[in-house]
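So that the names make sense, note that chain A is the first sequence line, chain B the second, and so on, each numbered from 1. It should be emphasised that the depicted structure is a prediction, and the values quoted were computed from it without experimental measurement.
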2 protein chains.
Amino acid sequence: MEDVKDYNVHIVGSNRLDNELLHNFLEQSTNPSINCFLNDTFSHSIFQEKTEDTNLVLWDCKDPKRYDHLKKLGKHIPNAPERCYIACINAHPDHKIEKMAINIGVNGVFYENDTLSTLKKGINAILNGELWFSRVTLSATLSSFLINNSCHPPDTNIDEALKVAASLTKREREVLRLIPSLSSNEEISEQLYVSPFTVKAHLRNIYRKIKVPNRVQAIFWLTQNYRLLED
Amino acid sequence: MEDVKDYNVHIVGSNRLDNELLHNFLEQSTNPSINCFLNDTFSHSIFQEKTEDTNLVLWDCKDPKRYDHLKKLGKHIPNAPERCYIACINAHPDHKIEKMAINIGVNGVFYENDTLSTLKKGINAILNGELWFSRVTLSATLSSFLINNSCHPPDTNIDEALKVAASLTKREREVLRLIPSLSSNEEISEQLYVSPFTVKAHLRNIYRKIKVPNRVQAIFWLTQNYRLLED
DNA sequence: CTCTAAATAGTCCTTCCGGTCTATTTCTCT
DNA sequence: AGAGAAATAGACCGGAAGGACTATTTAGAG
């Protein structure tokens, strides 16, 4: 009865020699609880079955065909089970692959000219749930998320937005935050243990204050101004 | 008539000696186009006036009061003009500040025990629009964004979601993507140059296929499944 | 203690939304 | 050329949402 959680690393690539060498290195020179497997085709089962183990697929990108296949895989990756990771190996030292990879949910990229110690460090980081990309890529991607999630379009006045957000009462902020996840005023009223009439009253005040005509636009306002709403 | 874009670095802190030393270092040992200023209080004007220059505020966090003040500043930071950055200096080597900082829109954190060469490298990175945080923090923050934006709650079936997404026609995907930003069926119909009846017909099919009762839930579905919708 | 803002609850009316059903035209694939 | 899917357009109905307005109770600031 084993309680030790294993790390399974699956190398997927067609270059037999290179990958056998890598296999050899991973089995011998890294974390002793790493089990390494070598495949020339990708077994979907890794990304579908839930398991206690941690799985990492190392996707050899040297072959252009396999590189294209990765893009198709993209729709599945973000929905892989917990502790199921995928990283590219043998990538060309070209930033484009990093952006594509990070966007489709790949957890890291290793390059042809990386050192073995980088590879070792990176694999352990990914097995630990981290991402392994260049600082520039991580920074740029995160920046774009932060901008999308909080910055205002250039035509809006931040002072105005702050004033508006501050004018919302505690209860109004509460109602506003419930709009996206609940279908109807009825549901909101049940959630808050008040009458649907009360919810309607709050909503009317909210719409007037944030100057939107309906709940769809209120959701939009909320995504733009979420940060300003904190109590 | 100068066309050279300048970098203005504003050190904000009360420790006169340390900060004068830093001021000295930045003026003499870094990028020649850096102008360095020393303040013991924060001038809001930096974050409000638009300018051609690149501005960086180095916020001394050694003083607990100033650390708290930073949090209050947080609501303004994400809405600062372009090329207007803020970073913490003299932070305790403690991850908590990084997470707080990255969440309120700070562009980087430097620690008490960082080397001068790290500081130099980091300041140049930030002036260049990058973020300067530890790889672990960048990775963790980005992961949380990626999860929020694309992963499905554990109870949903990804195969089912893929099937559903694939069953949407091109026009239906188009209509679905317009829901969050447009108020009414009328507006969507104007955008697509079709009759409001057509939009209603598409919406009915969409709701049936993705199994939601109304546009609010459709927006929710969309945020969860945006990735699956790409053509 | 008092005054005010917030939270609560309601009416009445209009508009828009979503469900069911039908029908025509335009693509697309074989 | 013909079948089938997709896109278009519409009628009809019930219900939910939103606007304008009123009113009572509760809570917090001074």
Side-chain angles (χ1 to χ4, degrees), chain A residues 160-225 228-231, chain B residues 160-225 228-231:
Chain A
E160 178 65 19
L162 269 171
K163 225 185 284 175
V164 166
S167 77
L168 293 169
T169 70
K170 200 181 168 192
R171 198 58 156 173
E172 284 163 2
R173 287 198 294 272
E174 212 169 336
V175 172
L176 183 48
R177 277 189 285 250
L178 286 176
I179 298 178
S181 54
L182 298 179
S183 269
S184 62
N185 297 346
E186 190 72 29
E187 282 182 40
I188 295 173
S189 75
E190 282 164 17
Q191 178 86 30
L192 297 175
Y193 301 104
V194 295
S195 138
F197 296 108
T198 309
V199 172
K200 286 185 71 173
H202 286 309
L203 283 176
R204 282 193 294 273
N205 290 329
I206 292 167
Y207 297 157
R208 182 176 42 77
K209 287 181 181 176
I210 70 177
K211 299 188 191 70
V212 301
N214 56 47
R215 57 214 301 125
V216 172
Q217 291 307 299
I219 294 175
F220 193 75
W221 187 95
L222 186 64
T223 61
Q224 300 269 311
N225 297 82
L228 305 181
L229 236 59
E230 276 157 31
D231 299 310
Chain B
E160 178 65 20
L162 270 170
K163 226 185 283 176
V164 166
S167 78
L168 293 169
T169 69
K170 199 180 169 193
R171 198 58 155 174
E172 284 162 1
R173 288 197 294 272
E174 212 169 337
V175 171
L176 182 49
R177 277 190 285 251
L178 285 176
I179 298 178
S181 54
L182 298 180
S183 269
S184 63
N185 297 347
E186 190 71 30
E187 282 182 38
I188 296 174
S189 76
E190 282 163 16
Q191 178 84 30
L192 297 176
Y193 301 104
V194 294
S195 138
F197 297 108
T198 307
V199 172
K200 288 185 70 172
H202 285 309
L203 283 176
R204 283 193 294 272
N205 290 329
I206 292 168
Y207 298 156
R208 182 174 44 77
K209 287 181 181 177
I210 70 177
K211 298 188 192 71
V212 301
N214 55 47
R215 57 213 302 124
V216 172
Q217 292 307 301
I219 293 175
F220 193 76
W221 188 94
L222 186 64
T223 61
Q224 301 270 313
N225 298 82
L228 306 181
L229 236 59
E230 277 157 29
D231 298 309

Looking at [N], I'd like to know if its phosphate oxygens (OP1 or OP2) sit under 4.0 Å from a side-chain N or O belonging to [X].
X      : N     : answer
A:T198 : C:dA9 : yes
A:R171 : C:dT8 : yes
B:T169 : D:dA5 : no

How many whole angstroms separate atom [atom1] of [X] from atom [atom2] of [N]?
X      : N      : atom1 : atom2 : result
B:Y193 : D:dT8  : OH    : P     : 14 Å
B:I179 : C:dC16 : CD1   : P     : 18 Å
A:I188 : C:dA9  : CD1   : P     : 15 Å
A:L192 : C:dT8  : CG    : P     : 8 Å
A:F197 : C:dC13 : CZ    : C1'   : 14 Å
B:N205 : D:dT8  : CG    : P     : 12 Å
B:I206 : D:dA6  : CD1   : P     : 13 Å
B:R173 : D:dA6  : CZ    : P     : 11 Å

Scan residues 203-216 of chain B for pairs that pass salt bridge (Lys or Arg N to Asp or Glu O under 4.0 Å), counting only residues two or more places apart or in two chains.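 Every salt bridge (Lys or Arg N to Asp or Glu O under 4.0 Å) pair that includes a residue of residues 203-216 of chain B, provided the two are not neighbours, is B:E160-B:K211, B:E172-B:K209.
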
Any chance you could measure [X], atom [atom1], to [Y], atom [atom2], to the nearest 0.5 Å?
X      : Y      : atom1 : atom2 : answer
B:L178 : B:N185 : CG    : CG    : 11.5 Å
A:L222 : A:L228 : CG    : CG    : 10.5 Å
A:L176 : A:N205 : CG    : CG    : 12.0 Å

Just jot down the salt bridge (charged side-chain N to carboxylate O under 4.0 Å, His left out) partners of B:E174, sequence neighbours excluded, or say none. B:R171

For a 4.5 angstrom cut-off between non-hydrogen side-chain atoms, does B:P180 reach B:I219?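 Yes, their side chains come closer than 4.5 Å.
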
State, with a plain yes or no, whether a side-chain heavy atom of B:F220 is found less than 4.5 Å away from one of B:I210.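 No, every pair of side-chain atoms sits at 4.5 Å or beyond.
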
Terminal axes of the helix from C:dC1-D:dG30 to C:dT30-D:dA1 (five pairs each): angle between them, nearest 10 degrees: 60°

Letter by letter from the 5' end, nucleotides 15-25 of chain D scores (B base, S sugar-phosphate only, - none; protein heavy atoms under 4.0 Å) --SBBBB----

Using a 4.0 Å cut-off on protein heavy atoms (strictly under), produce a 5'-to-3' string for nucleotides 25-30 of chain C with B for base contact, S for backbone-only sugar-phosphate contact, and - for none. ------

Return a table of donor-acceptor pairs under 3.5 angstrom between the side chains of residues 188-201 of chain A and protein atoms on other chains or two or more places apart.
| residue | atom | partner | partner atom | Å |
| --- | --- | --- | --- | --- |
| A:S189 | OG | A:E186 | O | 2.6 |
| A:S195 | OG | A:F197 | N | 2.8 |

State whether the side chain of B:E187 and the backbone N or O of B:S183 hold a donor-acceptor pair below 3.5 Å, judged by distance alone.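 Confirmed, B:E187 side chain pairs with B:S183 backbone.
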
Identify the heavy atoms of B:Y207 and B:A218 that sit nearest to each other, and give their distance.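 Heavy atoms only, the tightest pair is CE2-CB, 4.0 Å.
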
